[in-house]
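So that the names make sense, note that chain A is the first sequence line, chain B the second, and so on, each numbered from 1.
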Protein chains: 2
Amino acid sequence: MKLTTKMRYGTRALVDLALHQDQQPVPSGEIAERQQMPVKYLESILVLLRNAGFVRTTRGAMGGYSLAHDPADISLAELFDVLEGPDALVACTDGPDCDRYDGCVTREVWARMYAASREVLEETTLADLVSRAREKQHASGNMYHI
Amino acid sequence: MKLTTKMRYGTRALVDLALHQDQQPVPSGEIAERQQMPVKYLESILVLLRNAGFVRTTRGAMGGYSLAHDPADISLAELFDVLEGPDALVACTDGPDCDRYDGCVTREVWARMYAASREVLEETTLADLVSRAREKQHASGNMYHI
DNA sequence: ATAATCCCCACTATACACATAGGAATAGGA
DNA sequence: TCCTATTCCTATGTGTATAGTGGGGATTAT
């Protein structure tokens, strides 16, 4: 039941962008270096984030990525829907995809699990992660790691 | 973030066993047929469940599988620990496996997500699923599907 | 013009889900 | 007691999705 790297990297990339919002657009190379993730793979995730409207891109020299919205307006649940997809956890929680749908008792448990997970993500905004990251930076003197 | 089939099949297999506890040991073929899952794959999961002490096996003709404990004493969380493993969701929630451990703000969210999921599973026992299954059988007249 | 940057395509590696083949143990009948 | 069908058990092979790599084209500031 691993969380995909898309979600983990995607989240950290957005936090990184939020921490450097004041500057010029941030190139993928900088994010990748700070966040210790493969550039090319990160770029493929940034495409998804752009298509979903989370980030804006500026092409060419001095270009890069920037947040499209205020971090306080972005919940991790929205991100989750894009990067993990609508049938995260199990494929059958939201529709009768399998023969056992009506009589299935395990599905109800997985649905409760999904709801509980998603509630945590709904409660957490990008801004929460950013302020938490700033606290930690102050405590440790480490500018980069998130 | 899909739940593995190990967990899904394993849970349904145990519910199936609980529903046929009164009889002789239940052969894997019967479980597989009722639960519509590949026999050989099911058997590989039953090995894990045997090693973890959830089921007892009887070899040879008239053999099969039976529950080792009362369904009321088995929470889905215990099953989860065996079939999804200790680092379900992400590998780093319980120890400093990565360089970013101390400063990582996303890890805390994944940890809360994990805790929320697991709480749902702690609250649910095999007996809960079994009684729910019996209700549904009565309602639909369907003896087998779970 | 040049360097920096996003963007697209195709390829490789790894893990999980599932299948196949056979071996070992046991119950029950001849 | 021996034979045979039944069953668990182990090991290995195959398909598919995710993770990650690499090359090169399009765009833009300087």
Mind checking what makes side-chain contact (heavy atoms from CB on, under 4.5 Å) contact with A:D70, not counting sequence neighbours?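 A:D70: side-chain contact (heavy atoms from CB on, under 4.5 Å) contacts with A:A72, A:D73.
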
Annotated protein contacts, base or backbone, on nucleotides 22-30 of chain C with a non-hydrogen cut-off under 4.0 Å, one of B, S, - each: B-BBBS---

Will you find, in the side chains of [X] and [Y], an N or O donor that is under 3.5 Å from an N or O acceptor?
{"X": "A:T4", "Y": "A:E84", "answer": "yes"}
{"X": "A:S75", "Y": "A:E122", "answer": "no"}
{"X": "A:S117", "Y": "B:S117", "answer": "yes"}

Distance check needed: [N] [atom2] versus [X] [atom1], whole Å only.
{"X": "B:L49", "N": "D:dC9", "atom1": "CG", "atom2": "C1'", "answer": "15 Å"}
{"X": "A:K2", "N": "C:dC16", "atom1": "NZ", "atom2": "C1'", "answer": "12 Å"}
{"X": "B:Q24", "N": "D:dT6", "atom1": "CD", "atom2": "P", "answer": "16 Å"}
{"X": "A:L46", "N": "D:dA19", "atom1": "CG", "atom2": "C1'", "answer": "16 Å"}
{"X": "B:M37", "N": "C:dA19", "atom1": "CE", "atom2": "C1'", "answer": "16 Å"}
{"X": "A:R56", "N": "C:dT5", "atom1": "CZ", "atom2": "C1'", "answer": "18 Å"}
{"X": "A:L42", "N": "C:dC7", "atom1": "CG", "atom2": "P", "answer": "12 Å"}
{"X": "B:L83", "N": "C:dA17", "atom1": "CG", "atom2": "P", "answer": "11 Å"}

Establish, with yes or no, whether the OP1 or OP2 oxygen of [N] is under 4.0 angstrom from a side-chain nitrogen or oxygen of [X].
{"X": "B:S28", "N": "D:dT7", "result": "no"}
{"X": "B:T5", "N": "C:dA17", "result": "yes"}
{"X": "B:Y9", "N": "C:dC18", "result": "yes"}
{"X": "A:Y41", "N": "C:dT12", "result": "no"}

Identify, between A:K6 and B:S44, the residue whose nearest nucleotide on DNA chain D lies closer to the 5' end.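 Residue closer to the 5' terminus by nearest nucleotide: B:S44.
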
Is B:G29 touching bases, backbone alone, or none of the nucleic acid, heavy atoms closer than 4.0 Å?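 B:G29: no heavy atom of the nucleic acid under 4.0 Å.
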
Touch class at under 4.0 angstrom, heavy-atom based, for B:R8 against every strand present: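 Nothing, no nucleic acid heavy atom in range.
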
Under a 3.5 Å distance rule, please check whether [X] uses its side chain to pair with a backbone N or O of [Y] as donor and acceptor.
{"X": "B:D81", "Y": "B:E78", "answer": "no"}
{"X": "A:R50", "Y": "A:T57", "answer": "no"}
{"X": "B:R12", "Y": "B:Q35", "answer": "yes"}

